[in-house]
Amino acid sequence: MKTKRLKPEIRKDEIIAAALSLAASTHYTRVTRDAIAAAITIKGPAIQYHFGTMGQLRRELMRAAVKQRVLNVVAQGLLARDEHAEKADTALREEAIAYAMSSPAV
C-alpha cells in the first residue's frame, strides 16, 4: 500500500503527534522509530529522513510536549533530566511534578 506524500512540515507534525501519543502511553525514551511508523503507516526511514536521529526526534517530541502541556510526558522528561523539559515554565514543571507524584505510571 502506497502512502500519500505529504508536505514535509505536515509529515513532521504527523510524526510528532504519533510519537507524543506513544510517549503518553509508554515513555518518551521507549518510543521507537518502528512504533511511530506503524502508528501512521509509513516506513521507518521516512522518520529518519525528517529527523535524522532518534535523539533529534526525542528533542522535538519533548518540545512539543512542553508546548502542548502534556503533563505525563513533561514529567517523564523532568525525571530523565531532559533539558527541554527543564526549560519549561515553572507552572508547567510544578504541574508535571504533581502529576508524576499522583500517578504511578509516569
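This is a predicted model, so every value here is computed, not measured.
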Any pair with a residue in residues 74-86 that passes salt bridge (Lys or Arg N to Asp or Glu O under 4.0 Å), sequence neighbours left out, goes on the list, sorted by first then second residue, please.
R81-E86, E83-K87
Salt bridge (Lys or Arg N to Asp or Glu O under 4.0 Å): pairs with one or both residues in residues 44-63, sequence neighbours excluded:
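Residue pairs with at least one partner in residues 44-63: E60-R63.
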Which heavy atom in [X] sits nearest to a heavy atom in [Y], and how many Å separate them?
{"X": "A65", "Y": "V73", "answer": "CB-CG1, 3.5 Å"}
{"X": "Y28", "Y": "Q76", "answer": "N-OE1, 2.7 Å"}
{"X": "A18", "Y": "I40", "answer": "CB-CG2, 3.7 Å"}
{"X": "L61", "Y": "A19", "answer": "CD1-C, 3.7 Å"}
{"X": "A85", "Y": "G77", "answer": "CB-C, 3.6 Å"}
{"X": "I47", "Y": "A37", "answer": "CD1-N, 3.5 Å"}

Spell out, as yes or no, whether a donor-acceptor pair under 3.5 Å connects the side chain of S25 to the backbone of L22.
yes
Short side-chain to backbone donor-acceptor contact, Q56 and T53, under 3.5 Å:
yes
Please round to the nearest 0.5 Å and tell me the distance separating atom NZ of K67 and atom CG of L20.
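Here the interatomic distance stands at 12.0 Å.
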Are any of the side-chain heavy atoms of F51 and I16 separated by less than 4.5 Å?
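The answer is yes, as the side chains (C-beta and beyond) meet within the 4.5 Å cut-off.
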In the structure I gave you, are the side-chain heavy atoms of I36 and L57 within less than 4.5 Å of one another anywhere?
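SC-SC contact between I36 and L57 confirmed.
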In a check of side-chain contact (heavy atoms from CB on, under 4.5 Å) between V74 and each of L79, I97, V66, which one passes?
V66
Using the side chain to side chain contact (heavy atoms under 4.5 Å, CB included) criterion, which residues pair with [X]? Sequence neighbours excluded.
{"X": "T90", "result": "R93, E94"}
{"X": "S21", "result": "none"}
{"X": "R69", "result": "D89, A91, L92, E95"}
{"X": "Q48", "result": "R33"}

Tell me every residue that passes side chain to side chain donor-acceptor pair (under 3.5 Å) with T29, counting only those two or more places apart in sequence or in another chain.
H27
Run the salt bridge (Lys or Arg N to Asp or Glu O under 4.0 Å) check on E14 and R11 step by step: do they pass?
CA-CA 5 Å; E14 180 183 48; R11 180 64 78 192; 2.4 Å; yes
